[in-house]
Amino acid sequence: MDVNSFLKRYAEQINGQFTNYDSQQSILIVPVSGGRFQTIICTVRQNELYNRKMMTFNSKVCSAEAEFDYRKLLEQVAFFNYCRFVVQDQFLQVEAVSALDTLSEETAKEMIQEVANLADQYELKLTGVDVH
């Protein structure tokens with residue numbers, strides 16, 4: 001899959017925005033409910049352990065706060081199709097990852113939408129405001 005061509009086409013299909021940083025990283029601005037938008041970082045990286053390229057879709061939820069019930073958040077992951085919560089750079093984030101060589105465009109679309117929708121929902125649930 002030509003990742004950047006796919007992401008550009010998909011952004012046009014959903015009335016989003018696509019910005020290409022380089023061959024490894026792009027940004028998608030994805031429309032979500034309520035007229036809001038969610039920023040997704042799309043990254044292709046080499047997994048050294050398994051020696052294959054991985055596609056990662058990642059979106060910030062909010063600052064990682066000590067008082068969050070992280071156990072409850074982890075229990076919610078059981079209901080997600082592709083996503084997981086991660087804490088990175090002191091932010092709670094939603095992330096979906098797949099091997100690039102087996103990732104279809106349809107599955108990538110589903111992953112992107114799930115990341116955007118979950119990040120938006122949990123952002124509102126945890127902070128009460130639209131941050132990203």
Side-chain angles (χ1 to χ4, degrees):
M1 170 190 330
D2 180 344
V3 174
N4 287 328
S5 293
F6 158 71
L7 292 172
K8 185 177 180 179
R9 280 192 325 274
Y10 187 54
E12 291 169 359
Q13 288 175 4
I14 62 172
N15 295 318
Q17 294 177 10
F18 168 77
T19 303
N20 182 25
Y21 270 174
D22 55 35
S23 62
Q24 310 279 305
Q25 194 169 45
S26 303
I27 296 175
L28 272 181
I29 308 296
V30 178
V32 293
S33 66
R36 295 183 303 278
F37 293 85
Q38 197 68 29
T39 301
I40 298 187
I41 307 298
C42 309
T43 307
V44 176
R45 64 177 174 78
Q46 182 70 26
N47 180 299
E48 299 301 328
L49 182 62
Y50 295 105
N51 193 31
R52 62 181 174 183
K53 288 189 177 183
M54 304 298 289
M55 185 77 229
T56 303
F57 303 107
N58 190 287
S59 187
K60 289 181 182 176
V61 174
C62 60
S63 294
E65 304 293 334
E67 66 270 4
F68 289 158
D69 185 349
Y70 286 98
R71 179 183 175 125
K72 187 173 184 173
L73 290 174
L74 289 174
E75 289 170 348
Q76 292 300 300
V77 173
F79 300 104
F80 302 166
N81 290 312
Y82 302 105
C83 291
R84 60 188 178 195
F85 286 112
V86 296
V87 174
Q88 186 175 22
D89 300 326
Q90 306 212 4
F91 282 92
L92 178 65
Q93 302 179 29
V94 175
E95 176 179 84
V97 179
S98 176
L100 184 58
D101 62 350
T102 60
L103 181 60
S104 72
E105 289 187 5
E106 284 306 309
T107 300
K109 290 176 185 180
E110 290 175 5
M111 293 171 80
I112 290 165
Q113 287 305 139
E114 184 172 282
V115 168
N117 290 331
L118 288 172
D120 181 64
Q121 290 169 15
Y122 279 91
E123 176 182 90
L124 289 173
K125 185 182 290 189
L126 295 172
T127 69
V129 295
D130 182 29
V131 179
H132 302 99

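- Salt bridge absent: Lys109 and Glu105 never bring a charged side-chain N and a carboxylate O closer than 4.0 Å.
- The cluster map of Ile, Leu, Val, Met, Phe, Trp and Tyr, joined by side-chain heavy atoms under 4.5 Å apart, puts Phe68 and Val86 in different clusters.
- Summarising the geometry, atom CG belonging to Asn15 is positioned 13.5 Å from atom CD1 belonging to Ile29; distances are rounded to the nearest 0.5 Å.
- Ile14 has its side chain within reach of Pro31: a pair of non-hydrogen atoms, C-beta onward, lies under 4.5 Å apart.
- Side chains of Val32 and Gln121 form no contact here, defined as non-hydrogen atoms less than 4.5 Å apart.
- Rounding to the nearest 0.5 angstrom, the gap separating the CD atom in Glu114 from the OG atom in Ser59 is 12.5 Å.
- Around atom CZ of Phe80, more than 12 heavy atoms belonging to other residues, nucleotides or ligands sit under 6.0 Å away.
- You'll find the side chain of Ile27 reaches within 4.5 Å of the side chain of Ile41, heavy atoms only.
- Ile112 CD1 to Glu110 CD: the interatomic distance, rounded to the nearest 0.5 Å, is 10.5 Å.
- You'll find the side chain of Phe57 reaches within 4.5 Å of the side chain of Leu7, heavy atoms only.
- Linking ILVMFWY side-chain heavy atoms closer than 4.5 Å, directly or via other members, places Leu126 and Leu74 in two distinct hydrophobic clusters.
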Worksheet entry | Residues Asn58, Gln88; criterion side chain to side chain contact (heavy atoms under 4.5 Å, CB included); working and verdict | CA-CA 10 Å; Asn58 190 287; Gln88 186 175 22; 3.9 Å; yes
Item to complete: For the pair Phe79 and Leu118, evaluate side chain to side chain contact (heavy atoms under 4.5 Å, CB included) and give the outcome as yes or no after the intermediate values.
Response: CA-CA 11 Å; Phe79 300 104; Leu118 288 172; over 6 Å; no
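- For the atom pair Phe91 CZ and Lys60 NZ, the distance stands at 4.0 Å (nearest 0.5 Å).
- Between Phe85 and Tyr122, the ring centre distance stays below 6.0 Å.
- Asn4 and Ser26 share a donor-acceptor pair across their side chains, judged by distance under 3.5 Å alone.
- Cluster annotation: Leu73 is not connected to Leu124 through the hydrophobic network of ILVMFWY side chains, with a link wherever side-chain heavy atoms come within less than 4.5 Å.
- Atom CD of residue Gln38 and atom CZ of residue Arg36 lie 9.0 Å apart, to the nearest 0.5 angstrom.
- Counting all heavy atoms, side chain and backbone alike, Cys83 lies closest to Ala96 at SG-CB, 4.2 Å.
- A donor-acceptor pair under 3.5 Å is absent between the side-chain atoms of Thr107 and the main chain of Leu103, judged by distance alone.
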Item to complete: Apply side chain to side chain contact (heavy atoms under 4.5 Å, CB included) to the pair Arg84 and Val94, showing each step before the final yes or no.
Response: CA-CA 6 Å; Arg84 60 188 178 195; Val94 175; over 6 Å; no
Practice prompt. Kindly determine whether Asp101 and Arg52 satisfy salt bridge (charged side-chain N to carboxylate O under 4.0 Å, His left out), including the steps that lead there.
Written response: CA-CA 8 Å; Asp101 62 350; Arg52 62 181 174 183; 5.3 Å; no
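- Considering every non-hydrogen atom in both Ala64 and Val87, the closest pair reads CB-CG1, 3.9 Å.
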Item to complete: Please assess Asn20 against Gln25 for the test side-chain hydrogen bond (donor to acceptor under 3.5 Å, both in side chains), listing each intermediate value before the final yes or no.
Response: CA-CA 7 Å; Asn20 182 25; Gln25 194 169 45; over 6 Å; no
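- Interatomic distance, Glu95 CD to Met111 CE, rounded to the nearest 0.5 Å: 9.0 Å.
- Transitive grouping of hydrophobic side chains (ILVMFWY, heavy atoms separated by less than 4.5 Å) keeps Met54 and Phe6 in distinct clusters.
- Heavy atoms from other residues, nucleotides or ligands lying under 6.0 Å from CD of Gln90 number 12 at most.
- No chain of hydrophobic side-chain contacts below 4.5 Å, direct or via other Ile, Leu, Val, Met, Phe, Trp or Tyr residues, connects Tyr10 to Val97.
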